[in-house]
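Below is one structure, written out as structure tokens; comments come after it.
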Amino acid sequence: NPDFLEHYEPSLRAAGRLQQELRLLTADNPAQQQQLGKLAAAIDGKILVSNRHVALRQAGEGAVAQRDVAGGEGKRWMESIRKIVEEMRQEESRLLEQRQAQVEASTQRTLLTLGLGLAVSITVLTAIFFLLRREIARRTQAEESLAVTLNSIGDGVMATDTEGKITLMNHVAAQLTGWTPAEARGRPVTEVFHIINEETRKPAPIPVEDVLATGEIKGLVNHTALIARDGTERAIADSAAPIRDGTGGILGVVLVFRDVTEAKQTQQEILLGAQKVQAANLLLQAANTELEAFSYSVSHDLRAPLRHVQGYVEMLTREAQTQLSDKARRYLKTIADAAREMGQLIDDLLAFSRMNRTEMQEATVDLGALIQEIRQMLEHATPGRNIRWNITPLPRVRGDPAMLRQVLANLLDNAVKYTRPRNPAEIEVGCAGEEEGRIIFFVRDNGAGFDMQYTAKLFGVFQRLHRADEFEGTGIGLATVRRIISRHSGRTWAEGRLDAGATFYF
């Protein structure tokens with residue numbers, strides 16, 4: 001595909017350059033250099049395989065290329081590359097942990113005050129200032145290097161001398177304070193770095209004098225705000241650390257600070273959202289309790305008159321059987337059938353309402369065994385039907401066995417029901433790949449099907465796309481399927497054509 005090759009070919013050219021950059025970065029680590037040699041060989045192997053596939057395709061040998069790909073050589077090279085990369089990352093992580101442990105011994109409370117980002121910034125700046133003191137003759141070159149480093153740091157950085165006057169600052173500090181480095185240099189830090197307590201609105205102390213006196217790292221009190229030169233107010237988090245020379249003497253103080261206004265707003269929004277969710281949960285719990293009570297009440301209140309209807313219909317049929325006309329007997333049969341259907345509908349509604357309250361019992365489920373069990377049950381219930389079953393081997397999955405049995409029973413029962421006009425009826429069950437690590441299953445039939453413009457109604461309660469006199473049912477089955485699969489954090493959907501069958505996926 002030429003569109004892919006436009007990106008692929010530059011990537012090949014970049015591979016060598018990037019390996020060379022990585023080799024320079026790890027020049028002080030013989031083990032990593034050895035790993036780089038293995039990595040280069042693996043990359044060359046992968047590029048060789050890819051080029052071979054491209055050449056085959058460009059030569060019109062697509063089938064040969066596919067067989068070559070299926071051989072898995074490219075995949076094995078990629079697995080080797082990933083393995084080497086992971087080993088190199090682990091080695092770098094080990095070195096980083098080792099260096100962090102060394103840093104912790106000398107910086108004491110730095111990590112507790114600032115976190116990893118600020119600690120690294122302070123360590124870099126302190127080291128730079130040590131070099132500046134020890135190599136005063138190279139001050140100009142060192143200052144240029146320092147400026148580049150400071151401006152690459154995402155936090156505001158400001159340094160002072162032993163008198164608390166600013167000696168340098170990076171561009172982030174300039175943006176936050178509103179002072180340019182040239183304007184700020186030589187001014188007292190209190191003039192440029194104006195901070196207040198957000199709660200009391202009073203000036204907050206800058207711990208420069210404390211750091212100069214004690215040589216310890218200091219952090220600002222909570223709820224500190226920086227007032228910029230133009231009056232803009234920003235919430236900040238920061239700390240101050242001593243700058244020492246080679247003998248341990250204090251040369252000044254470095255302030256590292258960052259704008260946390262958005263973070264604080266986000267935290268407040270999260271807190272407010274959590275409170276709203278908690279309130280909504282309480283309302284939902286109360287509503288569920290009321291709904292459960294209502295369900296049982298409706299069940300009891302509806303069943304009693306239904307039993308009366310069914311009982312009196314049976315009695316009337318027995319008592320007046322010889323006195324009733326054929327039409328009257330049909331009326332009585334219609335009443336009895338409607339009462340039974342109403343009872344089934346009540347049972348289905350109660351089962352549907354309990355579905356969210358039933359505790360899930362997760363276990364390993366053999367879907368193949370469940371399918372066979374349900375299939376035998378349906379065949380016994382439909383003697384004389386010519387049904388062709390095509391059930392492919394199904395894997396074991398994790399889920400609630402009883403709930404998943406209900407899902408499969410509902411889908412297969414629908415397939416049997418809606419293929420009633422077909423001879424033979426064809427029902428297929430199988431897998432259709434994966435989605436985010438979850439297996440996709442499907443049940444397909446050649447039955448009545450449905451119009452795709454109504455697909456949104458399929459999984460709703462009481463939603464029926466066929467008349468009751470065509471196919472019996474209460475309109476609860478697919479809604480139950482969706483609710484069960486949702487409780488397993490999955491999803492359901494369907495495809496079909498009117499009078500040409502349907503496929504249900506989950």
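Note: hydrogens, waters and symmetry copies are ignored here, and every other heavy atom, side chains too, is used.
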- Non-hydrogen atoms of Ile166 and Met158 that approach each other most closely: CD1-SD, 3.6 Å
- Task: Mind checking the CZ-OG1 spacing from Arg185 to Thr180? Nearest 0.5 Å is all I need.
- Result: 9.0 Å
- Under-4.0 Å salt bridge between Glu21 and Arg17: yes
- Message: Main chain of Val256, side chain of Asp155: is a donor-acceptor contact present, judged purely on distance under 3.5 Å?
- Response: no
- Query: Do the side chains of Gln19 and Leu22 get nearer than 4.5 Å, heavy atoms only?
  - Reply: no
- Item | Distance in Å, Arg99 CZ paired with Gln102 CD, rounded so as to fall on 0.5 Å steps | 8.5 Å
- Query: If only atom types and distance count, is the side chain of Arg375 paired as donor or acceptor with the main-chain N or O of Leu412 below 3.5 Å?
  - Reply: no
- Tell me, do Leu251 and Pro242 make a side-chain contact under 4.5 Å, heavy atoms counted? no
- Task: For the residue pair Tyr505 and Phe442, categorise the inter-ring angle as parallel (less than 30°), tilted (30 to 60°) or perpendicular (more than 60°).
- Result: tilted
- Hey, are the side chains of Asn446 and Ile427 touching, using non-hydrogen atoms and a 4.5 Å cut-off? no
- Starting from the C-alpha separation in whole Å, work towards a yes-or-no answer on side-chain contact (heavy atoms from CB on, under 4.5 Å) for Asn410 and Leu478. CA-CA 7 Å; Asn410 287 5; Leu478 289 179; 6.0 Å; no
- Might you point out which heavy atoms bring Ile206 and Val189 nearest each other, and give the distance in Å? CD1-O, 4.2 Å
- Item | Gly399 to Leu404 - nearest heavy-atom pair and separation | CA-CD1, 4.1 Å
- Starting at OG1 of Thr214, measure out to CG of Leu212 and round the result to the nearest 0.5 Å. 8.5 Å
- Is the backbone N or O of Gly71 less than 3.5 Å from a side-chain atom of Arg76, with the two atoms forming a donor-acceptor pair by type? yes
- What are the two closest heavy atoms between Gly164 and Val208, and how far apart are they? CA-CG1, 4.2 Å
- Is there a donor-acceptor pair under 3.5 Å between the side chain of Asp259 and the backbone N or O of Gly156? no
- Arg491 and Ile485 have their tightest heavy-atom pair at N-CG2, 3.5 Å
- Do Arg398 and Thr364 get their side chains close enough for a donor-acceptor pair, meaning under 3.5 Å? yes
- Could you verify whether a donor N or O on one side chain and an acceptor N or O on the other, from Glu91 and Gln32, lie under 3.5 Å apart? no
- Message: Does Glu209 have more than 12 heavy atoms from other residues, nucleotides or ligands lying within 6.0 Å of its CD?
- Response: no
- Measuring from Glu426:CD to Asn390:CG, what's the distance to the nearest 0.5 Å? 9.0 Å
- Query: Does Trp77 reach the side chain of Leu48, with side-chain heavy atoms less than 4.5 Å apart?
  - Reply: no
- Message: Under a 3.5 Å distance rule, please check whether Asp445 uses its side chain to pair with a backbone N or O of Gly501 as donor and acceptor.
- Response: no
- Message: If only side-chain N and O atoms count, and only distance matters, is there a donor-acceptor pair under 3.5 Å linking Arg482 with Thr492?
- Response: yes
- Taken to the nearest 0.5 Å, the spacing of Glu428 CD from Thr503 OG1 works out to 8.0 Å
- Any ion pair linking Glu87 and Lys38 (charged N to carboxylate O, less than 4.0 Å)? no
- Short side-chain to backbone donor-acceptor contact, Ser93 and Arg89, under 3.5 Å: yes
- Do the non-hydrogen side-chain atoms of Leu226 and Thr177 ever get within less than 4.5 Å of each other? yes
- Message: Please check: side-chain N/O of Thr392 versus main-chain N/O of Val429, any donor-acceptor pairing under 3.5 Å?
- Response: yes
- N-O pairing of Arg229 and Glu183 below 4.0 Å: yes
- Student check: side-chain heavy atoms of Cys431 and Leu394 closer than 4.5 Å: yes
- Quick check: are there more than 12 heavy atoms from other residues, nucleotides or ligands sitting under 6.0 Å from CD of Gln278? no
- Which distance, rounded to the nearest 0.5 Å, do you find between the OG1 of Thr167 and the CD1 of Ile243? 6.0 Å
- Message: So, applying salt bridge (Lys or Arg N to Asp or Glu O under 4.0 Å) with Glu73, which one of Arg52, Lys46, Arg67 is it?
- Response: Arg52
- Message: Can you confirm whether the side chains of Gln33 and Asn29 place a donor and an acceptor under 3.5 Å from each other?
- Response: no
- If only atom types and distance count, is the side chain of His488 paired as donor or acceptor with the main-chain N or O of Asp400 below 3.5 Å? yes
- Could you tell me which non-hydrogen atom of Gly496 sits nearest to which non-hydrogen atom of Met452, and how far apart they are? O-CG, 3.1 Å
- Does a sphere of radius 6.0 Å around CD in Gln90 hold more than 12 heavy atoms from other residues, nucleotides or ligands, not counting ones at 6.0 Å or beyond? yes
- Please examine the side chains of Val407 and Phe504, heavy atoms only from C-beta on, and report whether any two atoms are closer than 4.5 Å. no
- Query: Are Phe257 and Thr224 side-chain neighbours, meaning at least one heavy-atom pair lies under 4.5 Å?
  - Reply: no
- Any sub-3.5 Å donor-acceptor pair from Arg234's side-chain atoms to Leu176's backbone N or O? yes
